[in-house]
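The next block holds one structure in the form of structure tokens; read it before the comments.
Every chain is numbered from 1 and lettered A, B, ... according to where its sequence line falls, protein lines coming before strand lines.
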Amino acid sequence: MRPSTGPSLFTFLLRCTDQRSPEAGRSVHAFTIKIGSLADNFVGNSVVNMYAKCGCLAEATAAFDDMGAGARDVVSWNCLINSYSQLGPAGSAPVLNLFRRMRAHGLLYPNAFTFTGVFTAASHFPEMLQYGAEAHCIAIKTANSADVFVGSSLLNMYCKLGLVSDARKVFDRMPQRNSVSWAAMISGYAAEKKEIEAFELFKLIPVDDKQNINEFVVTSVLSVLSQPEFLQTGRQIHGLAIRNGLISFVSVDNSLITLYTKCQLLDDALAIFKSSGDKSPITWSAMITGYAQNGESAKSLDLFTHMHSNGVRPSEFTLVGVLNACSDHSSLSCGKEAHCFMLKLGFQSQVYVQSALVDMYAKCFSIEDARRAFDSLRDADTVLWTTMIAAYAQNGEHEEALAVYARMTTKGISPNNLTMASALRACSSLAAFEEGRLIHGCALKHGLSLGIPVGSALSTMYAKCGNLEDCNIVFRRMPQRDVVAWNSIISGYSQNGCGTDALNLFEEMKLEGTQPDGVTFINVLCACSHMGLLQKGWGYFNSMQNEHGLMPAIDHFACMVDMLTRARKFDEAKSFIESVPIDHGTCLWRIVLGACRDERDFNYGAHAGERLMELGSKDSSAYILLSNIYASWSSWDDVERVRGSMKLRGVSKEPGCSWIEIKSRVHVFVVGELLHPQIVDINVGLRWLGKHMRAEVAECCNFNEEELLLIASSS
DNA sequence: ATAGGGTTAG
């Protein structure tokens, strides 16, 4: 029996709910208890709903319990279920629990409202799939599966759990669909990067049904088409968004900004950004990130300052963008400032931000800071570990890179292709063959060995270890190759003295239709240089610009100088260097000096050495070579002059260091090594080797003893 | 009295 005060209580409770005022709601609740109407399921449900909407879930649950089993109906259960499901992942377990209790009750049948809450709850965790699928069966049995809300939340659940084709089956069987169904299905394809499927589905939306192409649908489809190859389609959807009056929706603007920044059209992106009426932190982040990703670090940082002065609170996404801009800038002071922001805003425990931070410090050459940032996070994931490995590899600390990789493996964190590529890069630099093979095995186990980044890194690793056979096998097994993959094998052959094979590979690459880049030409020109193919070298050098539109850079000029001097064309080398249109510092003259030593042409050597001194070279070996040349001529004044300016400029020789891995142990030697346990025997062996080498060289080249000592002293 | 979908990142 319902008391006469019922209707007015509803009105009060509704108003409290609408105004999200639990304070007022509590006094109405107290009144319902006083007049004993909580047992009325309409009033009770309103109380539960009021607390739930006000975010007071504990009180909602208490009111639900107070209603008593007799007064609770489907709506009471649904109110509670849906308010938990709106909490997101945190509410998933309570929802499934409530659903189980509701069914155990027996007399109540779940309805469409129940299933939408249950499916939403199950969509957050893969291990909840079985509960979701079970609920799907119950929905069919209780004749709820034809409902649009049920269908939409169900297909969304399958999408979020990675079962897109199951989602599509649900979608296809829906007797009716609305914008939510379309948006959920499109974003399901978007999450799997299935651009074609997403766009095909988008085109299936009935054209007369403008209602279905709303801001959600447009946002989803734009997000998946934000790539240069879909720019034209993206522009068409932009036009459609304008015609449908969707341009004022902030999420549409955000995805348009992303579309244009991903296509490197920063002006178009900026136009959207400027015209966007109410910018969200996402709008700012998208633009800041867009600048950073397009190498416009200064503009990125500038916009961040603007965001800050406009009083918009940066999100973790913003910080990632800003940190990226700082890495690009190699600006440690900017990076440290961003780090402070990050701490102030409390993003230090977010893995994405942490990885960007580690990367920033690594790119700013502050590897200790990178390590400290890495160590400060407890639950590092694959990418963060990989960033740290890459950070050491980029900074030349290859042993540390492998140590971090080893620790990652012990912790059972599975690698991705960049992990493998970075660890292999460290192996290449150390020529660590055994370690490299182990990593190859690991890549194989994880199914990563055939992809482009890992395949290329493997080829390089085998080549750097002198194993061209495995370098070739790995390369030939790759199902697809890009210019980087080709470069790895061409450089492998070229650096191992197999110039002819390197050049044949280069021709094969062009036949396959892969465009060479600057790196390819460095290897090709090196190969020509080593084989003394001067004419061929010139041909390739000229083809860079003429056939491939590539501007020669300092390394290419260096290859040509090397090639000319090896052929003893010192005059040509001299005029070539003087014609180089870019700033080349001391590098080209240094090559000439080195070649003059090897070719015993000390006149040109002295010229190159004097040029290097004029240019203020800090290279100690150049000064030593030059003074040795003068010494061989007995020009003691010049020797004094060179030694003097070397001292004046504070040029000193860094101690040389080398190492070798024997049976998994690394043996390190510095100049004048005394500490190695077998150093006496090693020195005896080295002297023996040196004597025999000199004898052999002298025999075939007719050097005299004096010249040989000059060569030995400078190399 | 109760419900479902979208945008930015290492």
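Checking dT8(B), dG5(B), dT2(B) against every side-chain atom of F216(A), the shortest atom distance belongs to dG5(B). When distances run from any side-chain atom of V180(A) to the nucleotides dG4(B), dT7(B), dA9(B), the shortest one goes to dG4(B). Across dA1(B), dA9(B), dT8(B), the shortest atom-to-atom separation from the side chain of K262(A) is found for dA9(B). In this structure, the nucleotide among dG5(B), dT7(B), dT2(B) sitting nearest to the side chain of S223(A) is dT7(B). The side chain of Q293(A) sits closest to dG10(B) out of dG10(B), dG4(B), dT8(B). Of the candidate nucleotides dT2(B), dA9(B), dG4(B), dG4(B) has the atom lying nearest to any side-chain atom of T120(A). Of all nucleotides listed (dG5(B), dG10(B), dA1(B)), dG10(B) comes nearest to the side chain of D359(A). Listed nucleotides dA1(B), dT8(B), dG4(B) differ in distance to S285(A); the shortest reach to its side chain belongs to dT8(B).
The neighbour count for Q264(A) CD, taken as heavy atoms of other residues, nucleotides or ligands under 6.0 Å away, does not exceed 12.
Here V47(A) lies out of heavy-atom contact (under 4.0 Å) with every strand. Note on V351(A): a base of the nucleic acid sits closer than 4.0 angstrom, heavy atoms only. Note on N144(A): nothing from the nucleic acid sits closer than 4.0 angstrom, heavy atoms only. Using a 4.0 Å heavy-atom cutoff across all strands shown, S179(A) reaches at least one base atom of the nucleic acid. Residue contacts shown for Q86(A) are limited to sugar-phosphate atoms, with no base heavy atom under 4.0 Å away.
With hydrogens and angles ignored, no donor-acceptor pair under 3.5 angstrom links the side chain of N324(A) to the base of dG10(B). Between the side chain of D381(A) and the base of dG10(B) there is at least one donor-acceptor pair of N/O atoms closer than 3.5 Å. Donor-acceptor pairing under 3.5 Å, judged by distance alone, is absent between the side chain of S187(A) and the base of dG5(B). In terms of polar N and O atoms assigned as donor or acceptor, the side chain of S152(A) comes within less than 3.5 Å of the base of dG4(B) in a complementary pairing. At a cut-off of 3.5 angstrom, counting only N and O atoms as typed in the model, there is a donor on one side and an acceptor on the other between the side-chain of N45(A) and the base of dA1(B).
Regarding Q350(A), its CD atom lies at a distance of 16 Å from the P atom of dT8(B), rounded to whole Å. Regarding F115(A), its CZ atom lies at a distance of 14 Å from the C1' atom of dT2(B), rounded to whole Å. Distance CG (N78(A)) to P (dA1(B)): 14 Å, rounded to an integer number of Å.
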Would you give me the side-chain donor-acceptor pairs under 3.5 Å for residues 337-348 of chain A, sequence neighbours excluded?
{"from": "H339(A)", "atom 1": "ND1", "to": "Y361(A)", "atom 2": "OH", "distance (Å)": "2.8"}

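In this structure, the side-chain hydrogen bond (donor to acceptor under 3.5 Å, both in side chains) partners of T283(A), at least two apart in sequence or on a different chain, are N254(A), S280(A).
Inter-residue side-chain proximity for V351(A) and V383(A) is flagged as unmet; no heavy-atom pair is nearer than 4.5 Å. With contacts defined as side-chain heavy-atom distances shorter than 4.5 Å, the pair R72(A)/N41(A) does not qualify.
Judged by centroid separation below 5.5 Å and plane tilt below 30°, F317(A) does not stack onto the base of dA9(B).
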